[in-house]
Amino acid sequence: MADAKVIPFDDDRSRSGGASRPARRRTGAGGGSGGRGDGPAAPVSALPGAQAPGAAGPPPPEAGGAEYGPEEPGRAASGPASDGGWERRIAGGLAFLRRRVTGEYEVDEFGYDKELTEQVLMSALRPLAEKYFRVEVKGVENIPSEGGALIVANHSGTLPLDGLMLQVAVHDNHPADRHLRLLAADLVFQLPVVNELARKAGHTLACAEDAQRLLETGEIVGVMPEGFKGIGKPFGERYKLQRFGRGGFVSTALRAGAPIVPCSIVGAEEIYPMIGNAKTLARLLGFPYFPITPTFPWLGPLGAVPLPTKWTIQFGEPIPTDGYPQEAAEDPMLMFNLTDQVREQIQHTLYKLLVQRRSVFF
């Protein structure tokens, strides 16, 4: 396999290539199933709150909508409403599987499958974010509720779990239910299985054409300009930002007129403390680096389990770009200044969050 490389974000080469509702159970007023045959007519039920002549006690609750008083708290959990909820979930799951088998689902021009992402991929990543890394999200209101925006974040952790946690953070915390479309290195799209999952989750190749098209269509785009330099840096250089390249992401934001939202991620640096790099093995495997940590490869597959660090993801105030003229995207001095401004804001926030946290794990 050829040496993996990050496609320069300011490279102008183009990318090559390429709900139905859950079933509801119909029940009669008394909870039984009703047919449409020519049998005898069903008895007329009394109006709510009324009592039939000769009947004793309060009227029975309506099926599917029962509410129980404080004297019977246990019945609400095991009554018909609970049973109907489980049946709706099962019916929805079966309908989802049927659509996957028959191909009755939609993907966009980049391969993004919204239904699969929301119902499967996010459901699989959410426990990792909420229970394992206990991600705390700050400043999500700085992400626009509509229109395109470019989120620029630091990159770390040996494996790119920070990008996935960033996607969950935006998806689950933004009040407008925004979705993050990450720009990934070409190595991601060379790996089997990972390639398909990345496309389905909305990620695309880190090239200027794709990024600009997503921004102009009103998407939230995420980029980590450090690339492999950031994710594969030694543990001794943790939370020290690497070079942000030549400012290609700034040029793309200027062309699309989209605001730039700096993002700082604390906690990812310690999940795989990289104390060494087997460069010869990395070249043989076609990887940019082969990490050596205190647990990997010494403990085998068990050493690949990330440490349960406590994460904080903070979104800074957006930097507007719509006030610049179109030719500003070609001004190297302006791109350098904006790139440096974004980098310094992320670095300053990282130091601030590090001072505030009590422990790596708590």
Side-chain angles (χ1 to χ4, degrees), residues 9-10 15 108-110 112 114 117-118 122 129 135 137-155 160 162-184 198 201-227 230 241 244-245 247-265 312-326 328-329 334-335 337-350:
F9 194 59
D10 51 336
R15 176 179 57 85
D108 68 6
E109 60 177 313
F110 298 96
Y112 174 48
K114 182 178 180 181
T117 299
E118 291 184 343
M122 289 296 103
V135 178
V137 180
K138 299 180 179 180
V140 71
E141 66 276 2
N142 289 319
I143 302 175
S145 297
E146 57 183 15
L150 182 66
I151 296 178
V152 182
N154 59 304
H155 206 12
D162 53 355
L164 300 177
M165 295 301 101
L166 181 61
Q167 186 179 17
V168 175
V170 174
H171 180 274
D172 288 359
N173 292 275
H174 199 281
D177 296 327
R178 303 302 307 262
H179 296 270
L180 180 66
R181 311 291 294 270
L182 288 169
L183 303 177
H203 310 327
T204 188
L205 200 63
C207 67
E209 271 192 2
D210 286 0
Q212 184 173 346
R213 191 181 305 121
L214 286 170
L215 290 173
E216 289 175 346
T217 55
E219 297 286 350
I220 300 293
V221 179
V223 62
M224 295 171 167
E226 292 176 281
L241 294 183
F244 269 23
F249 69 90
V250 171
S251 176
T252 302
L254 287 170
R255 288 191 175 96
I260 300 173
V261 181
C263 176
S264 302
I265 304 174
T312 301
I313 298 178
Q314 179 161 335
F315 300 97
E317 294 186 5
I319 301 172
T321 64
D322 54 355
Y324 295 96
Q326 285 292 328
L334 176 61
M335 286 193 295
N337 290 335
L338 287 176
T339 301
D340 191 58
Q341 180 183 349
V342 174
R343 186 179 182 278
E344 287 300 319
Q345 187 169 338
I346 295 173
Q347 184 70 81
H348 176 75
T349 305
L350 285 175

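Counting from 1, the numbers follow the sequence of the chain as shown.
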| request: Can you measure from NZ (Lys138) to CD1 (Ile313) and round to the nearest 0.5 angstrom? | output: 12.0 Å
| Looking only at side chains, do Gln345 and Gln341 share a donor and an acceptor under 3.5 Å apart? | no
| query | Are any side-chain N or O atoms of Asn142 and backbone N or O atoms of Pro318, one a donor and one an acceptor, separated by less than 3.5 Å? | reply | no
| query | Atom NE2 in His348, atom CD1 in Ile346: separation rounded to 0.5 Å? | reply | 13.0 Å
| query | With no hydrogens and no angle check, is any side-chain donor or acceptor of His174 less than 3.5 Å from a backbone partner on Ile143? | reply | yes
| Within the distance-only criterion (no hydrogens, no angle test), does the side chain of Thr252 pair as donor or acceptor with the backbone N or O of Gly248 below 3.5 angstrom? | yes
| query | For the atom pair OG1 (Thr204) and CD (Glu209), what is the distance rounded to the nearest 0.5 Å? | reply | 10.5 Å
| query | Taking all non-hydrogen atoms of both residues, which atom of Met335 and which atom of Ala329 are closest, and how far apart? | reply | SD-O, 3.5 Å
| said: Measuring only between side-chain heavy atoms, which start at C-beta, is Thr349 closer than 4.5 Å to Pro262? | reply: no
| query | Do His203 and Tyr112 meet the criterion of a side-chain donor-acceptor pair at a distance under 3.5 Å? | reply | no
| task | For Glu317, look at atom CD and say whether over 12 heavy atoms of other residues, nucleotides or ligands are found less than 6.0 Å away. | result | no
| Roughly how far apart are Ile319 CD1 and Thr321 OG1, rounded to 0.5 Å? | 9.5 Å
| said: For Val170 and Val140: C-alpha separation, side-chain torsions, deciding distance, then whether side-chain contact (heavy atoms from CB on, under 4.5 Å) applies. | reply: CA-CA 7 Å; Val170 174; Val140 71; 5.9 Å; no
| note | Taking every heavy atom of Thr117 against every heavy atom of Ala201, the minimum-distance pair comes out as OG1-CA, 3.5 Å
| task | Decide side-chain contact (heavy atoms from CB on, under 4.5 Å) for His171 and Leu180; before the verdict, give the C-alpha distance in whole Å, the side-chain angles of both, and the deciding distance to 0.1 Å. | result | CA-CA 7 Å; His171 180 274; Leu180 180 66; over 6 Å; no
| Ignoring hydrogens and geometry, is there a side-chain-to-backbone donor-acceptor pair from Ser264 to Gln314 under 3.5 Å? | no
| Nearest heavy-atom pair of Ala211 and Leu183: which atoms, and what distance? | CB-CD1, 3.7 Å
| Is any NZ, NE, NH1 or NH2 atom of the basic residue among Asp340 and Arg343 found under 4.0 Å from an Asp or Glu carboxylate oxygen of the other? | no
| message | Could you report the tightest heavy-atom contact between Ala328 and Leu334, atom names first, then the distance? | response | CB-CD2, 3.5 Å
| With a 4.5 Å limit on heavy-atom distance, are the side chains of Glu118 and Lys114 in contact? | yes
Side-chain donor-acceptor pairs under 3.5 Å in residues 145-155, sequence neighbours left out?
| unit_1 | atom_1 | unit_2 | atom_2 | d |
| --- | --- | --- | --- | --- |
| Asn154 | OD1 | Ile265 | N | 2.8 |
| Asn154 | ND2 | Ile265 | O | 3.1 |
| His155 | ND1 | Asp162 | OD1 | 3.2 |
| His155 | ND1 | Asp162 | OD2 | 2.8 |

| request: Considering non-hydrogen atoms only, spot the tightest contact between Leu241 and Glu226 and give its length. | output: CA-OE2, 3.3 Å
| When rounded to the nearest 0.5 angstrom, what is the spacing between CD1 in Ile220 and CD in Gln167? | 12.5 Å
| field | Leu205 vs Phe110 side-chain heavy atoms within contact, under 4.5 Å | value | no
| request: Work out which heavy atom in His179 is nearest to a heavy atom in Asp177; give both atom names and the distance. | output: CD2-O, 3.5 Å
| message | A side-chain contact here means heavy atoms from C-beta on lying under 4.5 Å apart; do Phe249 and Thr339 qualify? | response | yes
| Does Arg181 reach the main-chain N or O of Glu219 with its side chain, forming a donor-acceptor pair under 3.5 Å? | no
| remark: In this structure, CD of Gln212 is separated from CG of Leu254 (nearest 0.5 Å) by 10.5 Å
